[in-house]
Every structure is written in structure tokens, then in C-alpha cells.
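Structure first, commentary second.
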Amino acid sequence: MSVFTRIGAFFVSLVICFGGIFNIFKPAIPEAKTAGELSQLSGLFDKKELADEIYVISTSHIRSEEDNTVRCLQGLVNRDKVQIFISNCWMAEQFLTQLEEQGKTLLRTDENGRQWTAERLIEKFKSSITDSGYVLYRDTEFAEGLNTACNYASLYGWLPVPVEIKELAENCGLTLKKDISNDEYSYDYLKDFFNEHKDEFSDKGIIHIKLAAHGLRDFAIQQKMYICYTESNKEGEKFLKTVLNSTAEHGIVMGWCESEKRFVEFISKLGFAICPSDHSYNLSVLSNMESDFTLPERSEKITPEPDKHYISLIFTDGDNVQWMTNGVPEFYRHLALNADYRMTWGFPPICSQLCPAMNKEFYTSADENIDIITGPSGIGYALPSAFEEKSMDFYTTQTAAAMLKSGMRVVTILDDEPLAIKTAAFARKLGYYSRFDNIEGGVIFLDPRMYGAGEGRVWFSDDKPFLTVRKTLWSPENYDGITDEWMRENAAEINS
């Protein structure tokens, strides 16, 4: 062993030692809430009453330039009583079937048997638009105008209208209340608006989407959540930090981002998690539906035999709410195979609040060979190593409550590979999960190396195992790397 190797080993030992000592003097992890206390926790979002009649809008009868206006109208109408549902995929029809089973009447046409159009909807629900007013904006890539118009809708009840359909709005008898179509959009522009109105928005979190994403705008307006989009650069992060620090100590970001790893680490340090949902539709309806279903049966205990290796196959992306609510095609294709092997699927525990109907669809479709665990890293996608202690308490408590309601018992954690100086601190973070009786352990995805950096290492916390991924079937070259040779190499390694 060289002198440099010895010196390096010595300093690593010191780092680990001092990391452990530092951990000893940290305050005790707060006592976990009981199952009864978790079940009584209020969710992250406000609940609204479902109307007896639900107006079902087909996107095939809405022009592209009208799309965002119709979804904003949906949010305005659904603030008081939930009445508008927009059908855009086969899974949406499954949700509508559940509404019918709950005794709701679906109105797919007007009283004359005509399909709902933007014009007919505005005329029908003009009373839900404050003073029949509208906000005029222009489209830009990062939706500064549209998002600001949505914020005006949340605060004042005016309907966002792009310049392309100004004539339609006026033909429907709407009156211009605010024209921001010629404003110079910038972070300073967004900051001025936010600073003036920040105390008027929800303190549960924010919506973060750009123009190409049409989801969530109904939900943002209904929940009065501030909506914006920021780039992953110094200017964008400076504004986003201002917004999140003024929103709450911790919470949820709904939508998506520009640079995943940088964005998630940034918001985690501020105490927030992100829920991938920028193409999630009808959450202003789905979050208010109650769905009765039987929680999945607990998997049988396996008694390991000493001369065997055991493999668990996990299909990830379980934090992705939009993937679920838009049909989760891989799951149903897998079921169609009638496979006789076990498969574990990640599922967003936040769906118990955002879309209980999806829990019912997913769970009732699963067979005895399906197991379900949370998506990373709990109630939303975050890096626990970046969280402060106060945020870990809130985050894992919300996670445990959602897992209890969803019948999950294993949590998935996604993080960067801990360096030696972080190992003790990272292990401590696991204690925030393991303190809950209904969390029995976890699976840890460690970057880099496509989640496989942990190489199968196991941490124990409160005598509960947290296993790192040993082998990843995610090619570093993505789809281009999935060749016959690559698959055979992986098969040979597993079989060995």
C-alpha cells in the first residue's frame, strides 16, 4: 500500500469518525405519529363538493388556441362546486365510469344535443367568471403571460384569454379587465406581481409549468396555488427561491422542470418536493372524488433458503402522477402477458390525495403477482440528503400518512451516492422513515450509474432494512443501448 493510499484511508476514517460524533450530538428524531394520528391528518389540498351533474367536455371539439382557456374555465367553475370534466384519454373514461357509479349524471352535450365547445361553455358558465371579465395575454415558451393570467384568475376570478381568441371572448359578452398582452415579460415582471400578491396564494405549494404543458391549470386556479415557470440558471433559481421561501417552510411543487437533477436538489434544500404532473388533467375533479376499494393483500412472507439468491424486479417512475393518470400503458401491457413471475411497481402515494380513483383502477387491476411500493422518495420526488431536519419531519410524516391510506409498506428513496462525510448523516435520514410502524423498510436508488451506485449495500434503521439497487436494467444510452448483446450480457450476469 502506498503512502498516499494510507494517508487517504486515514482521512476517510477521520471523516467517518467525526461524522458519527456529529450525529450523536444532533437532537433526537421526533417521535412518530401513530396510525390513528396519521389517518386524521388533513391532506395537502382543499376539498370541494362534487355536483350531481358533471359536464363532460371532449377535447376533440376544442381548438388548440382555446385549450388553456377552457381548462382555466374548468378551474373557475370547480372552485365552488365541481362540475366540469375534460375527457382526453381512455383512463379519463374510467374515471367517468366511477363518477357514474357514485350516482353522478354525465352531461356530454348541451340541451340541444350539441357537443360542448369553448363558446358554449363560456356562455353556460359565465356566472362563474367574476364580472364576466377576462385577462388578455400572449403566449411565450415559458408561459409568463399565461401563468400570470392564471394567477389573476385565482385572485380575481377573471378568465385567461390569449390574443388569438379575443374576438370569441367578446362575442360571448366578456369584458376586458386586464391586458397584459403587450407587457415585457421577465423575472422582474414576475417578481413584482408575486411580491404584491404573495400573501393571497395557498401556502401548500406552487405549480411549475411552461406553455407546452396544458395540465394543472384547472387545479392551480381551484386551489389558489401560485403558478410560474423558471429556468435552471442563476436568475431563475433566485426568483424560485424567493417564491418558495415566501410560500412555506416546506411543501409540494406540482409540475415539472428544465434540469431534473439540479432542480430537485435545489428545491429539496428549500424543504420542497416535486410531483411530476405537468400533463395531469382534471385534478380539480379527481382530487375531490372518493373511491372505495379494497387495499391490496399483503404479500406472503418468503422464508429464504440459504443456497438461493433472491431477485426483486422493480418497475420505477412511481413518482410520476401524469404517467399514472394518463393510462400507465406499461402496467396494462404487463398484465396482458399473464406473466407468472412477481413484479413490483412504484406508485405515487400522493395519488391518495390527488386521484383516489387512480388507486382504485391500479389496485383492482393488479393480480397476485403484483406488489406496490412508493415512488421516490415518498409523498413527492426529493433528495432526503438535501433536506433540513425540520423538512424531513414534515415530509416523512406526510409520506407515512399517504402510505397508510394507500396500503403501502415499503418506501423508495432516490438520492445521490453519499460520500464518506455524508454516510452517517444519510443513515440518520433513514430514521425519519423507519420510525413509523407502517413503514417496514425501503429500496434506495443511488445515482450515478442509473440508480445502481449502491451496489446492493444494505442499511438498517430501527432494525428495518433499506436496500440499495444491485443491478439496473436501464441502459446508459437509453433506448439506443438496448441491443441484443446488452440484454444477453445482463441475463448472463443475473443467471450467474
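For the single chain, residues carry numbers from 1 onward in sequence order. Everything numeric here is computed off the predicted structure, so don't read it as measured data. Atoms considered below: every heavy atom in the structure, side chains included; atoms not considered: hydrogens, waters and symmetry mates.
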Is a donor from one side chain sitting under 3.5 angstrom from an acceptor on the other, for [X] and [Y]?
| X | Y | answer |
| --- | --- | --- |
| Glu330 | Trp345 | no |
| Gln222 | Asp46 | no |
| Ser291 | Gln98 | yes |
| Ser434 | Ser461 | yes |

Donor-acceptor contact below 3.5 Å, side chain [X] vs main chain [Y]:
| X | Y | value |
| --- | --- | --- |
| Ser352 | Pro349 | yes |
| Ser280 | Leu216 | no |
| Lys429 | Pro384 | yes |
| His208 | Trp256 | yes |
| Thr472 | Met450 | yes |
| Gln398 | Ile379 | no |
| Thr247 | Gly205 | no |
| Trp474 | Gly452 | no |
| Ser186 | Tyr189 | yes |
| Asn288 | Lys48 | yes |

NZ/NE/NH1/NH2 to OD/OE distance under 4.0 Å, [X] and [Y]:
| X | Y | answer |
| --- | --- | --- |
| Arg108 | Glu93 | yes |
| Glu258 | Lys210 | no |
| Asp393 | Arg435 | yes |

Exceeds 12 heavy-atom contacts within 6.0 angstrom, atom [atom1] of [X]:
| X | atom1 | value |
| --- | --- | --- |
| Lys104 | NZ | yes |
| Lys269 | NZ | no |
| Lys191 | NZ | no |
| Lys261 | NZ | yes |
| Lys241 | NZ | no |
| Glu31 | CD | no |

Aromatic ring centroids of [X] and [Y] under 6.0 Å?
| X | Y | result |
| --- | --- | --- |
| Phe387 | Tyr432 | no |
| Trp90 | Tyr332 | yes |
| Phe201 | His197 | no |
| Phe85 | Phe95 | no |

For Arg71 and Tyr281, what are the C-alpha separation, side-chain angles and deciding distance, and is it a side-chain contact (heavy atoms from CB on, under 4.5 Å)?
CA-CA 9 Å; Arg71 296 185 191 280; Tyr281 308 106; 3.4 Å; yes
Distance in Å, Asp67 CG paired with Ile62 CD1, rounded so as to fall on 0.5 Å steps:
7.5 Å
Atom pair OG1/NZ of Thr117 and Lys124 - distance to nearest 0.5 Å
13.0 Å
What orientation do Phe193 and Tyr152 show, parallel under 30°, tilted 30 to 60°, or perpendicular over 60°?
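Geometry flag for Tyr152 against Phe193: perpendicular rings.
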Can you tell which of Leu414, Ile274, Asp415 makes a side chain to side chain contact (heavy atoms under 4.5 Å, CB included) with Val264?
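So the option named by the test is Ile274.
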For Arg217, run the side chain to side chain contact (heavy atoms under 4.5 Å, CB included) check against Leu283, Val70, Ile209, Ile207 and tell me which one passes.
Ile209
Can you spot which of Lys178, Lys177, Glu170 makes a side chain to side chain donor-acceptor pair (under 3.5 Å) with Tyr134?
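Single side chain to side chain donor-acceptor pair (under 3.5 Å) partner of Tyr134 among Lys178, Lys177, Glu170: Glu170.
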